[in-house]
Amino acid sequence: MFRVALKMLFGDRGKYLGIVIGIALASVLMINQPGIMISILKTVNGLINDVSGPDLWVMDPMVKNVDDVKPMQDTQLYRVRGVKGVAWAVPFYKGSTKVRMSNGETVQSVMVGLDDATLIGGPTEMLQGRLADLREPDGIIVDKAGAEGRLAKPSPQPGGKPIPLKVGDTLEINDQRAVVVGIARATQTFASQPTIYTTYGRAKSYALSERKMLSYVLAKAQAGESPEVVARRITHDTGLRGLTSEEFKQKNLDYMIHNTSIIVNFGFVVLIGFIVGAAVTGQIFYNFTLDNLRHFGVFKAMGTPDSVLRRMILLQALVVGFIGFGLGAGITGTFAAMKANSTDLSMTLNWQLLSASGAAVLLIVLMAALISIRKVMKLEPAIVFKG
Amino acid sequence: MSQTTPAIRCNGIKKVYGTGDTQVHALRGVDLEVHAGELLMLVGPSGCGKTTLISIIAGILDQTEGDCSLFGQDFRQLPPAERVRYRGKHIGFVFQAFNLIPTLTVAENTAIPLLINGEKREKAIARAIQCLEEVGLGSKVDAFPSQLSGGQQQRVAIARALVHDPKLVVCDEPTSALDHQTGTKVMEVLKGLAMDGKRSLVIVTHDARIFEFADRIAHMDDGHIERVEARAAQDN
């Protein structure tokens, strides 16, 4: 009888496609929007993720998130180095700067200053040049998205394609010459600003004159010391705030979630996707059952147990749910894959997201099935004798 | 026709639909016996209770009062699941509107009672094809109902009603949607295949053109059986 149920379903192509497309669209909304949200939330921690080596971040106690830099005096670096359990500590600058293009346009960029001696905190993946080339005069490293995007040189032909920056190109930062010595991969920032890496000393000269320049101290716990314990010790001993990388990431996420409406806005779209999916799917599936009510009545009259009828309807609902979700997840996954290597903000798909949206689709089809099952269970088989 | 074994026995069957002011008395005390191997027609004007009576006989509707048994089994004494199983095994149905599933082939439609009774698909289809050959539709097993004429669809319905070898076949206006010639052919097929000496047929109809196929005709009006006439005796 289950094959009969499937043939009934596939035979009514209009409704079958309507239900599948409804579920597919609901799935796209329920996967795509959280996927984009996760990507945005990932950019929040992009800088922390891109910095390899240190496991401790030390900052002014008033810092609320990684972009909310409260510069400290350079001397704080030495206080951190003096805390027990700290293997090493280096200065780290994060600020904003304006880059002047050859056509006179200025581009707001993120500037990262790395310890002159060790270059700790630099990008983990160099696409052109070497990190050590930052030691060359006026050397800077530009992230790929910036080099190919907002910092790309204007085309000499009007309306032509911009020419990506390459090693050897020069830029002007705060009226000072900067030479591109490398191109690196870095996590895209939410505002899609280019990221420029240079040495801490040179960053200070590029930056507008400020009394305090030390954004963060990057430190490493000694072998055998727990980074959490050392972080607490730094906080206690220096009056600054020491956080492990993971704690700092969580702090950023918490800030984003509690101080922006990102969850509400994306959640609203997901909710709409769920409601529209449930309404469209439920309505079409119910109509499909109504259209076949007479046939269900025939089955009932002929002696089909209610349990079999329930399972037939459930099977129909699960099949359209599975196909619709597969289609929706496939479309979203393809889109995500196409954007994976793009420098634009893309979307993140993970098993948790797919599981959650799959569960939502399951809920939708189960609700649709339950409404239909109720109708069929209440059906008097004597209906079959009405011409 | 055997007159010894009552296949269906109805005593004082009453059926009331609705409550209070909206009550409708569909059956007002029906007594009826149908014997094994007998073809009984229930005739009468619309609304006289024919369909209600065969629904009760077939166990798909409960009477309000009275007793009705099929081959000695009172449906009301069976638990619901058992009643459904009994119906699936022992009763075949032929409907006025054929009620074939449009997305299934003729063979698949015919095999449905066997599938309901848990038969394996391959066996069920093989038996269905055999039945379809008996009703003269052996060449149409892979066709869909929409590709058949009305008469052919009703023959498929007959094959479906007989495929699981039921003890009773109930037919609701089996010829009303067909022209006279086709209706006669369908009745010939139905009577020729269904009447094997132990199976009973109850046909609701008001198509006088097919009365000749009946062993007895029960005339109903206003929820009663007014009279039962034996066709063979009358013909004689």
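Lettering of chains follows the sequences in order, A, B, ..., and the numbering in each one begins at 1. Note that the coordinates shown come from a computational prediction; the quantities given were computed from them, not determined experimentally.
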Relative to chain A, which segment of [X] carries a heavy atom at a distance below 4.5 Å: side chain, backbone, both, or neither?
X: B:V170; result: side chain
X: B:R160; result: side chain
X: B:I60; result: both

Straight-line distance of A:I323 CD1 to A:I21 CD1, nearest 0.5 Å: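 Nearest 0.5 Å value for the CD1-CD1 distance: 12.0 Å.
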
Straight-line distance of B:Y17 OH to B:H25 NE2, nearest 0.5 Å: 13.0 Å

So which of [options] has the biggest tally of heavy-atom pairs under 4.5 Å with chain A?
options: B:I91, B:T52, B:I54; result: B:I54
options: B:E108, B:K89, B:H164; result: B:E108
options: B:L100, B:L115, B:I101; result: B:I101

Short N-O contact, B:D165 and B:R199, less than 4.0 angstrom: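 Judged by the 4.0 Å cut-off on N to carboxylate O distance, B:D165 and B:R199 do form a salt bridge.
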
side-chain hydrogen bond (donor to acceptor under 3.5 Å, both in side chains) evaluation trace for A:Q352 with A:S355: CA-CA 5 Å; A:Q352 293 96 333; A:S355 303; over 6 Å; no

Contact leader toward chain B among A:K300, A:E380, A:R3, where contacts are heavy-atom pairs under 4.5 Å: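 With the most close heavy-atom pairs to chain B, the winner is A:R3.
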
Polar contact flag, side-chain donor to acceptor under 3.5 angstrom, B:E173-B:H206: yes

Residue pair A:L309, A:M312: steps toward the side chain to side chain contact (heavy atoms under 4.5 Å, CB included) verdict: CA-CA 5 Å; A:L309 292 173; A:M312 285 171 75; 4.1 Å; yes

Sidechain-backbone polar pair: B:N99 side chain, B:F95 backbone, donor-acceptor under 3.5 Å: no

Part of A:F299 lying under 4.5 Å from any heavy atom of chain B: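 Both parts, heavy atoms under 4.5 Å.
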
Portion of A:D12 that has a non-hydrogen atom of chain B nearer than 4.5 angstrom: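 When you check distances to chain B, only backbone atoms of A:D12 fall under 4.5 Å.
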
